[in-house]
Amino acid sequence: MDFAEMVLARLGELKQNINSFELTQGWPQGYLRAVVRTDDKRTVPNIERAKTICDALDLEFYIGRPRSTEPTSEIDGERFATVARFEASAAAGDGHINLDDDPVDHLAFSQNWLLQNGIRPDTCFLITVRGDSMAPVISDGDLVMIDRRKTAITSGQVYVFNQPGDGTRIKRLELVPGAALIIRSDNPDQDRYPPEYYIGDDMNHIAASVLGQVIWSGHTWK
């Protein structure tokens with residue numbers, strides 16, 4: 001089975017067609033179709049494109065010795081992959097997180113759901129939030145998933161980052177390119193949680209200390 005055949009077979013397993021999958025991934029029209037078409041105009045993908053397609057389809061891509069993968073299981077015909085959860089907590093205010101410890105357990109997520117949301121379980125981790133500065137979006141005790149691949153700041157997104165003197169924090173970051181970094185809390189009580197402004201080296205240190213973007217949260221009812 002060649003690359004195009006594997007891609008088409010995987011799309012069939014996921015009950016996806018080429019056009020909708022390109023749209024879901026944010027790819028330009030023809031990005032995937034060009035490598036699976038059956039005529040003499042088929043494009044042989046370079047390594048970068050082949051890896052991008054494999055990652056999106058949850059197909060292992062490697063050169064050399066096989067890499068370790070996250071464990072998977074099947075329940076009633078649906079496959080699940082697990083994401084590591086760490087005992088460490090990150091604060092929506094003050095606090096500290098240590099990812100050097102072993103994970104305390106793993107939580108299972110549908111592979112189809114992960115794929116549809118562009119999530120790779122092996123590049124993500126789960127931690128608990130402490131504090132209410134990000135409420136009501138993220139509350140004290142909530143579980144959040146962080147994607148380590150997403151360290152480049154996109155204004156308005158929520159990130160986990162290290163800050164000297166304040167430990168590890170979860171905040172909404174707003175970047176003014178070349179000028180300033182604004183740290184914002186979602187809690188409407190701006191007297192307790194006013195926006196913080198950083199420029200120069202302070203801005204660069206925080207930007208360089210981003211651990212990843214928060215891409216999912218689970219609320220704990222109390």
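Only heavy atoms go into these numbers, but all of them, side chains included; no hydrogens, no water, no symmetry mates.
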* **Closest approach of Gln29 to Glu22 (non-hydrogen atoms, all atoms of both residues)** => CA-OE1, 3.8 Å
* Would you say the side chains of Arg33 and Asn19 form a donor-acceptor pair under 3.5 Å? -> yes
* Going by heavy atoms in the side chains, are Asp58 and Gln111 under 4.5 Å from each other? -> yes
* Asked: Are Leu32 and Leu59 connected, step by step, through hydrophobic side chains (Ile, Leu, Val, Met, Phe, Trp, Tyr) whose heavy atoms are closer than 4.5 Å?
  -> yes
* Kindly give the heavy-atom pair with the smallest separation between Arg148 and Thr151, and that separation in Å. => O-CG2, 3.3 Å
* Asked: Under 4.5 Å between any side-chain heavy atoms of Gln213 and Val160, yes or no?
  -> no
* Asked: Can Ile127 and Phe125 be said to form a side-chain contact (heavy atoms from CB on, under 4.5 Å), step by step?
  -> CA-CA 7 Å; Ile127 53 175; Phe125 62 93; 3.8 Å; yes
* **Shared hydrophobic cluster for Ile183 and Met134 (ILVMFWY, side-chain gaps under 4.5 Å)** => no
* Apply side-chain contact (heavy atoms from CB on, under 4.5 Å) to the pair Phe86 and Val104, showing each step before the final yes or no. => CA-CA 5 Å; Phe86 290 85; Val104 293; 5.9 Å; no
* **Asp132 and Tyr193 side chains, donor-acceptor separation under 3.5 Å** => yes
* **Asp201 side, atom CG; Ile206 side, atom CD1 - distance, nearest 0.5 Å** => 11.5 Å
* Roughly how far, to the nearest 0.5 Å, is CD of Gln163 from CG of Asp202? -> 8.5 Å
* To do: Look at the rings of His219 and Trp221 and say which category their plane angle falls in: under 30° parallel, 30 to 60° tilted, over 60° perpendicular.
  => perpendicular
* Please report the shortest heavy-atom distance between Leu181 and Ala207, naming the atom on each side. => CD2-N, 4.5 Å
* **Heavy-atom side-chain proximity of Phe161 to Arg169 below 4.5 angstrom** => yes
* Donor-acceptor side-chain pairing of Tyr198 and Glu196 below 3.5 angstrom -> yes
* **Rounded distance (nearest 0.5 Å) linking atom CZ of Phe3 with atom CZ of Arg42** => 10.5 Å
* Asked: So do the side chains of Asp186 and Arg172 get within less than 4.5 Å of each other, counting heavy atoms only?
  -> yes
* Check whether any side-chain heavy atom of Ile146 sits under 4.5 Å from a side-chain heavy atom of Ile215, and report yes or no. => no
* Within a strict 4.5 Å, meaning less than it, do heavy atoms of the Cys124 and Met145 side chains meet? -> yes
* Does the side chain of Leu14 reach to within under 4.5 Å of the side chain of Asn112, using non-hydrogen atoms? -> yes
* To do: Let me see the working for Arg37 and Asp39 under salt bridge (charged side-chain N to carboxylate O under 4.0 Å, His left out), right down to the final yes or no.
  => CA-CA 6 Å; Arg37 58 190 303 163; Asp39 57 25; 2.8 Å; yes
* Minimal non-hydrogen separation, Pro195 against Gln190, with atom names -> CD-OE1, 3.3 Å
* **Gap separating the OG atom of Ser217 from the CD1 atom of Ile170, nearest 0.5 angstrom** => 9.5 Å
* If you measure only the distance, is there a donor-acceptor pair under 3.5 Å linking the side chains of Asp55 and Thr52? -> no
* Could you grab the distance from atom OG1 of Thr24 to atom CD of Gln16, nearest 0.5 Å is fine? => 5.5 Å
* Asked: When clusters are formed by joining ILVMFWY residues with side-chain heavy atoms under 4.5 Å apart, either directly or through shared neighbours, do Leu173 and Val158 land in the same one?
  -> no
* Structure fact -> Shortest non-hydrogen pair, Trp216 vs Leu143, comes out as CZ3-O, 3.9 Å
* Is there a side-chain contact (heavy atoms from CB on, under 4.5 Å) between Leu11 and Leu57 once you walk through the steps? -> CA-CA 8 Å; Leu11 285 171; Leu57 290 169; 3.8 Å; yes
* Checking side-chain contact (heavy atoms from CB on, under 4.5 Å) for the pair Leu126/Phe109: CA distance, chi angles, key distance, verdict? -> CA-CA 12 Å; Leu126 297 158; Phe109 294 84; 4.1 Å; yes
* Gap separating the CG atom of Asn17 from the CG atom of Leu23, nearest 0.5 angstrom -> 10.0 Å
* To do: Answer yes if Ile153 and Ile199 sit in the same cluster of Ile, Leu, Val, Met, Phe, Trp and Tyr residues linked by side chain heavy atoms under 4.5 Å apart, and no otherwise.
  => no
* Asked: Are Arg149 and Asp147 close enough for a salt bridge, meaning some N to O gap below 4.0 Å?
  -> yes
* Donor-acceptor pair, side chain of Tyr159 and main chain of Thr154, under 3.5 angstrom -> yes
* Within the distance-only criterion (no hydrogens, no angle test), does the side chain of Asn187 pair as donor or acceptor with the backbone N or O of Asp189 below 3.5 angstrom? -> yes
* Asked: Any side-chain heavy-atom pair from Arg85 and His106 closer than 4.5 angstrom?
  -> no
* Examine the side chains of Asn162 and Thr168 and answer whether a donor and an acceptor come within less than 3.5 Å of each other. => yes
* **Nearest atoms (heavy-atom pairs only) where Lys171 meets Ser185** => NZ-OG, 2.6 Å
